[in-house]
Amino acid sequence: MKTLIGIAASLAGLFVEDGAFALAILMVVAASGIWAVLSPNATSVSGAILLVGCLAVLLLNVIRARRPPALRRPPK
Amino acid sequence: MIVSVHLGSAVTAAFLASLVEAVEALTIVLAVGTVRGWRPAGLGALAGLALLALIVVALGPLLDRVPISLLQLAVGILLLLFGMRWLRKAILRTAGVIALHDEASAFANETAELREEERRRAPYLDWVAGIASFKAVLLEGLEVVFIVIAVSAGRGMLIPVSIAALVACLLIALVGLALYRPLARVPENVLKFTVGVMLSSFGLFWTGEGLGVAWPGADLAIVAFMGLFLATAVASVTLLGRRGAAVSP
């Protein structure tokens with residue numbers, strides 16, 4: 001059972017390691033999807049949201065990872 | 001031209017990613033083999049490979065039944081999460097924020113753990129060792145299977161991409177078994193950096209296609225995305241290096 005739980009946790013870990021990072025990516029995808037649904041004739045904007053959003057999420061997340069722990073928001 | 005760009009990128013991504021995963025699995029299998037002999041190590045690895053084959057055989061035909069836009073969206077989002085996770089980690093390792101993955105140290109840790117288990121419960125150790133080998137092959141192999149299916153799904157590229165992944169795994173297995181020690185000199189972080197850039201680009205492309213985005217240049221857009229992800233990653237490493245220098249005394 002312990003092994004199975006370990007395997008399941010490792011499987012989830014393939015996609016989600018830093019929860020905030022994964023959530024930010026999903027929010028970018030959701031924003032792009034909402035735009036695609038609301039403006040089906042302007043899908044290039046939806047593509048731009050996806051591209052710029054993903055690059056920004058990556059850049060901001062790695063910069064945040066470097067910040068000294070004292071400057072990060074304390075956990076609730 | 002466009003098809004060959006997509007095929008070339010998919011084959012390269014699968015080959016490089018499989019190299020990394022095979023190196024990690026080999027380290028554990030070698031540790032098990034060193035401590036408890038090749039029987040539990042081999043049997044565990046074979047059981048892992050058999051389960052992986054079963055997953056591929058079961059999952060392959062199922063994917064053909066999923067509508068293409070839904071498949072593109074689901075696979076694209078998973079590839080984005082998976083690829084950007086690899087890229088993020090590779091950036092942080094390159095910038096020195098987190099430690100590099102060290103196969104020699106992973107090998108030492110695994111052998112130490114198994115020796116400790118040997119001391120505590122010797123009669124059951126073959127099971128424990130076999131399960132360690134099985135788990136390593138299964139988990140690292142699942143990453144390979146996911147990458148192969150994700151970059152080739154719905155494009156009729158499953159066979160060439162699978163062959164690239166198999167060649168990489170066989171290559172590492174042969175070299176590792178011949179040397180009889182973990183492959184600590186493989187530039188794992190460089191490979192992860194490269195594969196992270198490629199998988200993130202595929203993920204972005206597929207997610208967009210699933211949402212109905214008509215990317216300019218069709219499949220060639222993947223190459224542009226690779227350039228943009230690479231530029232962002234290099235900029236991140238440079239920025240982190242500068243910040244690190246500014247903070248350190």
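By convention in this document, chain letters (A, B, ...) are assigned in the order of the sequence lines, proteins followed by strands, and residues within each chain are numbered from 1. It should be emphasised that the depicted structure is a prediction, and the values quoted were computed from it without experimental measurement.
- The two residues B:Thr207 and A:Val29 come nearest to each other via the heavy atoms CG2-CG1, 3.9 Å.
- Atom-to-atom distance recorded for A:Asp18:CG and B:Lys89:NZ is 11.0 Å, nearest 0.5 angstrom.
- Residue with the most contacts toward chain B among A:Ala22, A:Ala36, A:Cys54, A:Gly33: A:Cys54 (heavy-atom pairs, distance under 4.5 Å).
- Proximity to chain A (any heavy atom under 4.5 Å) is restricted, for B:Trp215, to the side chain, taken from C-beta onward.
- Note on residues 21-35 of chain A: pairs passing side chain to side chain donor-acceptor pair (under 3.5 Å), not counting sequence neighbours, are A:Ser32-A:Ser46.
- Proximity to chain B (any heavy atom under 4.5 Å) is shown, for A:Leu50, by both the backbone and the side chain.
- Atom-to-atom distance recorded for B:Phe82:CZ and A:Ile25:CD1 is 12.5 Å, nearest 0.5 angstrom.
- Residue B:Leu138 touches chain A through its side chain alone, counting heavy-atom pairs closer than 4.5 Å.
- Heavy atoms only, all atoms of each residue included: A:Ile63 and B:Leu239 are closest at CD1-CD2, 3.2 Å.
- Taking chain B as the reference chain and counting heavy-atom pairs below 4.5 Å, the highest number among A:Val45, A:Leu51, A:Val57 is found for A:Leu51.
- Of all residues in residues 41-55 of chain B, none places a non-hydrogen atom less than 4.5 angstrom from a non-hydrogen atom of chain A.
- Of the atoms belonging to B:Ala95, it is backbone heavy atoms, and not side-chain ones, that fall under 4.5 Å from chain A.
- Scanning all heavy atoms of the two residues, the minimum distance from B:Val97 to A:Ala65 falls at CG1-O, 4.1 Å.
- To the nearest 0.5 angstrom, B:Thr232 atom OG1 is 6.5 Å from A:Leu58 atom CG.
- When heavy atoms are compared at a cutoff of 4.5 Å, B:Leu204 approaches chain A by way of both its backbone and its side chain.
- Residue B:Leu78 touches chain A through both its backbone and its side chain, counting heavy-atom pairs closer than 4.5 Å.
- A:Phe21 CZ to B:Arg85 CZ: the interatomic distance, rounded to the nearest 0.5 Å, is 10.0 Å.
- Looking at B:Ile91, the atoms closer than 4.5 Å to chain A (heavy atoms on both sides) all sit in the side chain, from C-beta outward.
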### Task
Take B:Leu80 and A:Leu26, measure what side chain to side chain contact (heavy atoms under 4.5 Å, CB included) needs, and give me the verdict at the end.
CA-CA 9 Å; B:Leu80 262 183; A:Leu26 292 177; over 6 Å; no

### Derivation of the side chain to side chain contact (heavy atoms under 4.5 Å, CB included) call for B:Leu211 and A:Thr43
CA-CA 8 Å; B:Leu211 292 173; A:Thr43 56; over 6 Å; no

